[in-house]
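Proteins get letters first, then strands, A, B, ... in listed order; numbering begins at 1 in each. None of the values given here were measured: they were computed from a predicted structure.
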There are 2 protein chains.
Amino acid sequence: MTEKHPIPGDPEHIVKSSADLADGDQMQDQLTDDHLQRAAFLAKSLSDGNRLRILLLVGDGRKSVSAIVEKLELSQPLVSHHLRELKRSLLVKVEREGPFIYYELADARILGVVRTLSKVATDLLSVRTTF
Amino acid sequence: MTEKHPIPGDPEHIVKSSADLADGDQMQDQLTDDHLQRAAFLAKSLSDGNRLRILLLVGDGRKSVSAIVEKLELSQPLVSHHLRELKRSLLVKVEREGPFIYYELADARILGVVRTLSKVATDLLSVRTTF
DNA sequence: AGTAGATATAAACATTCATTTATATGTTGA
DNA sequence: TCAACATATAAATGAATGTTTATATCTACT
C-alpha cells in the first residue's frame with residue numbers, strides 16, 4: 001500500500017474570533033468564544049433530567065415549590081437545590097406570595113431547545129439502531 | 001397582616017407521562033421522562049465550551065484531529081478526549097482516511113440549538129443587567 | 001524492520017455535581 | 001408567643017468531569 005495522504009488544509013473561514021470584531025459591532029450570527037461559553041453554561045443547566053422536568057413544568061405556568069415536589073415526586077431539598085441552580089443560570093424567575101414561592105420559566109425559547117434536543121436524540125439513536 | 005393564602009392548585013395538564021401512552025403510540029410533541037433523559041444527555045455534551053468550539057468547527061465540514069488541535073489551540077489528548085465524548089453522544093461521525101481520522105457533525109440541528117442558547121443567554125444577561 | 005507522524009488511551013488530580021439527611025429560616029394563623 | 005407549614009441551607013458522600021502528563025497504538029513511507 002503506497003498511497004499518498006496530503007495534509008488536511010486549513011480553510012480559515014469558520015467563525016470570526018472575538019478579536020476580529022470591534023467592541024459594539026453587531027453581527028446576525030456571531031458566535032465568539034464568549035458566546036459559546038455562555039451557551040455552554042446554559043446547556044449545563046439543561047444537562048439534568050430532573051431539571052428538565054422542572055423546566056417543562058414551570059414552562060406551563062408558575063408553580064410553587066410544593067406543587068413541583070408533589071408533581072415530580074422528588075424530595076423538597078432536591079427540588080430546592082435544582083431551582084437554585086436554575087435561578088443561578090437565570091432560566092427561571094422567582095416570585096414570593098405569602099408563604100409560597102413561585103417559580104416561572106424565564107424564556108420560552110428554552111422549551112423549543114429541549115424539544116429539539118429530544119428529537120435529535122431520538123433520531124440519532126434510531127439511525128444508530130438501524131444501521 | 002391577615003391575608004388568606006389558598007393552596008396552589010394542581011391542574012394536571014402539563015405533559016403526558018409515559019404511563020399514559022400505550023407502547024407504539026405516536027404524538028407530535030410528547031416529552032416523556034425518557035425523552036427528557038435523552039435530551040439531558042445531549043445537553044451534557046453541549047455543556048462544555050471547548051466541545052462547543054469543536055462542534056462548530058466540524059459543523060462546517062469534516063476535520064482531522066490535528067486540524068482541530070491547531071485551530072483551537074488545545075492539546076491533542078484534550079481534543080481526543082472531547083471527541084470521544086461527542087462520539088459517545090452520537091453528535092459526531094467518524095471516518096478514517098489513512099493516518100488521519102476525520103470528525104464531522106452528525107446532525108446540523110445542533111448548530112441551531114447552540115445559536116439559540118447563545119441568544120437566550122445574551123438576552124437573559126441583558127435583561128438582568130438592565131433592570 | 002524501523003522510523004516518524006497521527007491519534008488514542010491511561011493514570012493522576014482537583015473540581016464539580018446530584019442526592020440524602022438533618023436543620024434552619026421565614027410566614028401565617030391561633 | 002406558639003404551632004404549623006413552606007422553603008432554604010448545610011453537611012456529608014459518592015460519582016462524574018475537565019485537564020495534564022506520559023505512554024501506547026496504528027498507519028505510511030523508506
List in chain and number order the residues that pass salt bridge (charged side-chain N to carboxylate O under 4.0 Å, His left out) with [X], two or more places apart in sequence or in another chain; answer none if no residue qualifies.
{"X": "B/R88", "answer": "B/E85"}
{"X": "B/E104", "answer": "none"}
{"X": "B/R38", "answer": "none"}

Rounded to the nearest angstrom, tell me the gap between atom [atom1] in [X] and atom [atom2] in [N].
{"X": "A/K63", "N": "D/dT7", "atom1": "NZ", "atom2": "P", "result": "13 Å"}
{"X": "B/L74", "N": "D/dT20", "atom1": "CG", "atom2": "P", "result": "8 Å"}
{"X": "A/E97", "N": "C/dT28", "atom1": "CD", "atom2": "C1'", "result": "14 Å"}
{"X": "A/I68", "N": "D/dA6", "atom1": "CD1", "atom2": "C1'", "result": "13 Å"}
{"X": "B/N50", "N": "D/dT20", "atom1": "CG", "atom2": "C1'", "result": "14 Å"}
{"X": "A/F41", "N": "D/dG18", "atom1": "CZ", "atom2": "P", "result": "15 Å"}

Practice problem: Only counting residues at least two apart or in another chain, list the ones meeting side-chain contact (heavy atoms from CB on, under 4.5 Å) with B/S47. | Solution: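 Residues passing side-chain contact (heavy atoms from CB on, under 4.5 Å) with B/S47: A/A43, A/K44, B/K44, B/R51.
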Self-check item: Partners meeting side-chain contact (heavy atoms from CB on, under 4.5 Å) with B/V69 (sequence neighbours left out)
Solution: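 Only B/V65, B/Q76, B/V79 meet the side-chain contact (heavy atoms from CB on, under 4.5 Å) criterion with B/V69.
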Exercise. Return no unless some side-chain N or O of B/H82 is found under 4.0 Å from OP1 or OP2 of D/dT17.
Key: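 For B/H82, the contact criterion (side-chain N or O under 4.0 Å from OP1 or OP2 of D/dT17) is not met.
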Quiz item: Does a side-chain N-to-carboxylate-O contact under 4.0 Å join A/E70 and A/K63?
Solution: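 No, A/E70 and A/K63 are not salt-bridged.
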Quiz item: Which letter, B, S or -, goes with each nucleotide of nucleotides 7-16 of chain C from 5' to 3', with contact meaning a protein heavy atom under 4.0 Å?
Solution: BBB-------
